[in-house]
Student: 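This is the structure, below, for whatever I ask next.
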Protein chains: 2
Amino acid sequence: MALAHAIMTALIDDDLSGYELAKSFDVSLGFFWRASHQQIYQELRKLAERGLLRGEKVSQSGKPNKIIYGLTEEGREALAQWVYDSSRMQEAKDDMLVKLYNLGDDNISHMVSEIEKRRDEMMQRLYLYERIRRTHYAKPDVLPVRRQGVYLALRCGITGGEQFLAWCDEALKRLAQIQSAQA
Amino acid sequence: MALAHAIMTALIDDDLSGYELAKSFDVSLGFFWRASHQQIYQELRKLAERGLLRGEKVSQSGKPNKIIYGLTEEGREALAQWVYDSSRMQEAKDDMLVKLYNLGDDNISHMVSEIEKRRDEMMQRLYLYERIRRTHYAKPDVLPVRRQGVYLALRCGITGGEQFLAWCDEALKRLAQIQSAQA
DNA sequence: AAACTATGTGCAAGTATTTGCATATATTTT
DNA sequence: AAAATATATGCAAATACTTGCACATAGTTT
């Protein structure tokens, strides 16, 4: 039920087309809630049908036409209300962790490379977070309230990412030990 | 596609009924991949149909009958093969983080209590992790390889949980500051 | 006696998400 | 000139997951 709310959230400040929204997702809310463009387009249409968004067709020359979506009053109210809904702790749902339950002499080197790959990806993600933090949140205390909320979400991503890197190092060390004992 | 593999993983050592499996999930793999009992029963039947599990009906007196599932050779092979499949980084998909993007003077006290609730839940989770660690993984180095993999997953849960607690404290501190500035 | 807890499995309906494909045009690169 | 990239939206099918309900028995608590 929450991709809808993530999308509405992305439209708080600006009206966007599906394409623009998908791009903005990639560098902000998508850090915490990934969605494919198909899902976004579908959800936008559904939300417009339900009256929570208003879609305006824009004809363009030189580019394909697009539909700009914006929150309706009803949408803003629904979103504000949603914040008070109770939400649950999310599990990691990460294949990698399930795979670790299957660790064996045969697949250990595969797990090493999988963890190394994750480590690299997270490293890149952290560079991106850090750039965003420096650029937009250098002095969080002086930001308006809502921006401070976004900052806190970013901090959650940063500290979570740093912890993950540390775990990767721990795991790789242990796996290397097992491998050297094997030889 | 991975609940299937989580279930098969839970059956590596022991054959279990759906009920037993659901319970074992609650204190192990379910930390990383939660599933309702309905989903588990469905998946067990599907896996049995596909020949990856063998289901054996057991009549019981005094208790309802049950079906004990175990991995077939084919299942074991499929599981072993699955470990080599590539897997992707998972996003948090956490409502709470999306809600933070909607932070405002009106809902700030709600967010405080939501974060406090999460903090409590994680604290309890960490107690449980710690008990498991002490009981079963006090000396990880001497464990067989597969158990060391499980230990690494547990460590991921522990360090991730500790990071989350620290983040909660940071967030609560900031929210308290905003609230006191408001007054 | 009634209520609650534990054991044990399942259907049906709805919602969410992924995967693969399809269609266009304009600009930039090879 | 061909190929790749960016812009822009969508359908259809399959898979995954959640929610609410239903049945059935035994033991324990109030």
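Throughout, a chain's letter reflects where its sequence line sits, starting with A, and its residues are numbered from 1. As the structure is a prediction and not an experimental result, all values here were calculated from the model.
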Student: In whole Å, what is the span from the CD atom of B/Gln90 to the C1' atom of C/dT17?
Tutor: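 That distance rounds to 12 Å.
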Student: If the cut-off is 4.0 Å, is B/Gln38 near the phosphate of D/dT18, judged by side-chain N/O to OP1 or OP2?
Tutor: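 So the side-chain polar atoms of B/Gln38 never come under 4.0 Å of the phosphate oxygens OP1 or OP2 of D/dT18.
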Student: For B/Arg34 and D/dT18, is the shortest distance between a side-chain N/O and OP1 or OP2 below 4.0 Å?
Tutor: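 Result: no.
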Student: So for the helix from C/dA1-D/dT30 to C/dT30-D/dA1, with five pairs setting each end axis, what is the inter-axis angle to 10°?
Tutor: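 About 30° separates the two local helix axes.
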Student: For salt bridge (Lys or Arg N to Asp or Glu O under 4.0 Å), just list the numbers for A/Lys99 and B/Asp85, CA-CA rounded to whole Å, side-chain angles, deciding distance to a tenth of an Å, and then say yes or no.
Tutor: CA-CA 10 Å; A/Lys99 286 185 186 176; B/Asp85 286 2; over 6 Å; no
Student: Nearest whole Å is fine: how far is D/dT9 P from A/Ile7 CD1?
Tutor: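 In whole Å, D/dT9 P and A/Ile7 CD1 are 13 Å from each other.
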Student: Go through residues 12-23 of chain A and report each residue with a non-hydrogen atom lying under 4.0 Å from DNA chain D, sorted by number.
Tutor: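 Here the set is A/Ser17, A/Gly18, A/Tyr19, A/Lys23.
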Student: Just do the salt bridge (Lys or Arg N to Asp or Glu O under 4.0 Å) check on B/Asp94 and B/Arg118 with the steps written out, would you?
Tutor: CA-CA 11 Å; B/Asp94 189 330; B/Arg118 288 293 183 92; 2.8 Å; yes
Student: Write down the distance between CG (A/Leu3) and P (C/dT18), rounded to a whole number of angstrom.
Tutor: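 In whole Å, C/dT18 P and A/Leu3 CG are 9 Å from each other.
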Student: Please work out whether the ring planes of B/Trp82 and B/His5 are parallel, tilted or perpendicular, with thresholds of 30° and 60°.
Tutor: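 Because their plane-to-plane angle is under 30°, the rings of B/Trp82 and B/His5 count as parallel.
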Student: Does A/Lys93 have a side-chain nitrogen or oxygen under 4.0 Å from the phosphate oxygens OP1 or OP2 of D/dC17?
Tutor: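 Yes, because at least one side-chain N or O of A/Lys93 sits under 4.0 Å from OP1 or OP2 of D/dC17.
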Student: With a 4.5 Å cut-off on side-chain heavy atoms, are B/Arg50 and B/Leu47 touching?
Tutor: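 Side-chain contact under 4.5 Å: yes.
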Student: Could you tell me the separation between the CD1 atom of B/Ile40 and the C1' atom of D/dT19, rounded to a whole number of Å?
Tutor: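 The answer, rounded to whole Å, is 16 Å.
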Student: Could you check whether the side chain of B/His37 and the base of C/dG10 have a donor-acceptor pair of N or O atoms closer than 3.5 Å, going by distance alone?
Tutor: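 A donor-acceptor contact between them is present.
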Student: Check the phosphate of C/dG10 against B/Tyr41, side-chain N and O only, distance under 4.0 Å to OP1 or OP2. Yes or no?
Tutor: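 False: B/Tyr41 side-chain N/O out of range (4.0 Å or more) of C/dG10 OP1/OP2.
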Student: Touch check for B/Arg88, heavy atoms < 4.0 angstrom, all strands: base, sugar-phosphate only, or nothing?
Tutor: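 Sugar-phosphate contact only - B/Arg88 comes under 4.0 Å of backbone atoms but never of a base.
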Student: Taking atom P of D/dT7 as reference, at what distance in whole Å does atom NZ of A/Lys66 sit?
Tutor: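 That distance rounds to 10 Å.
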Student: Apply ring-ring contact (aromatic ring centres under 6.0 Å, His included) to B/Phe25 and B/Phe31, showing your working.
Tutor: CA-CA 8 Å; B/Phe25 244 61; B/Phe31 293 144; over 10 Å; no
Student: Is A/Ile132 close to A/Thr135 at the side-chain level, that is, under 4.5 Å between some pair of heavy atoms?
Tutor: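 Contact flag for A/Thr135/A/Ile132 side chains = no.
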Student: Could you tell me whether the side chain of A/Tyr151 reaches within less than 4.5 Å of the side chain of A/Arg133, counting heavy atoms only?
Tutor: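 Side chain of A/Arg133 against side chain of A/Tyr151, heavy atoms only: contact under 4.5 Å found.
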Student: By the definition side-chain contact (heavy atoms from CB on, under 4.5 Å), identify the one residue from A/Ile7, A/Thr9, A/Asp13, A/Asp15 that meets it with A/Leu11.
Tutor: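 The single option meeting the side-chain contact (heavy atoms from CB on, under 4.5 Å) with A/Leu11 is A/Ile7.
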Student: Write down the distance between CZ (B/Arg45) and P (C/dT9), rounded to a whole number of angstrom.
Tutor: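 Atom CZ in B/Arg45 sits about 11 Å away from atom P in C/dT9.
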Student: How long is the line joining NZ of A/Lys46 and C1' of C/dT17, in whole Å?
Tutor: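 My rounded result for the distance is 10 Å.
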Student: For B/Ile67 and for A/Gln42, locate the closest nucleotide of DNA chain C by heavy-atom distance; then report the residue assigned to the nucleotide nearer the 5' terminus.
Tutor: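 So the residue in question is B/Ile67.
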Student: What's the CD-P distance between B/Glu91 and C/dT17, to the nearest Å?
Tutor: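 Distance, rounded to whole Å: 13 Å.
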Student: In terms of ring plane angle, is the pair A/Phe32 and B/Tyr101 parallel, tilted or perpendicular, where the classes change at 30° and 60°?
Tutor: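 It falls in the perpendicular class, over 60°.
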Student: Please determine, for the side chain of B/Pro64, which listed nucleotide (D/dC17, C/dT7, C/dT17) has the closest atom?
Tutor: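 Of D/dC17, C/dT7, C/dT17, C/dT7 is nearest to the side chain of B/Pro64.
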Student: May I ask you to say whether B/Glu20 pairs ionically with B/Lys66, meaning some side-chain N is under 4.0 Å from a carboxylate O?
Tutor: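 A salt bridge links B/Glu20 with B/Lys66.
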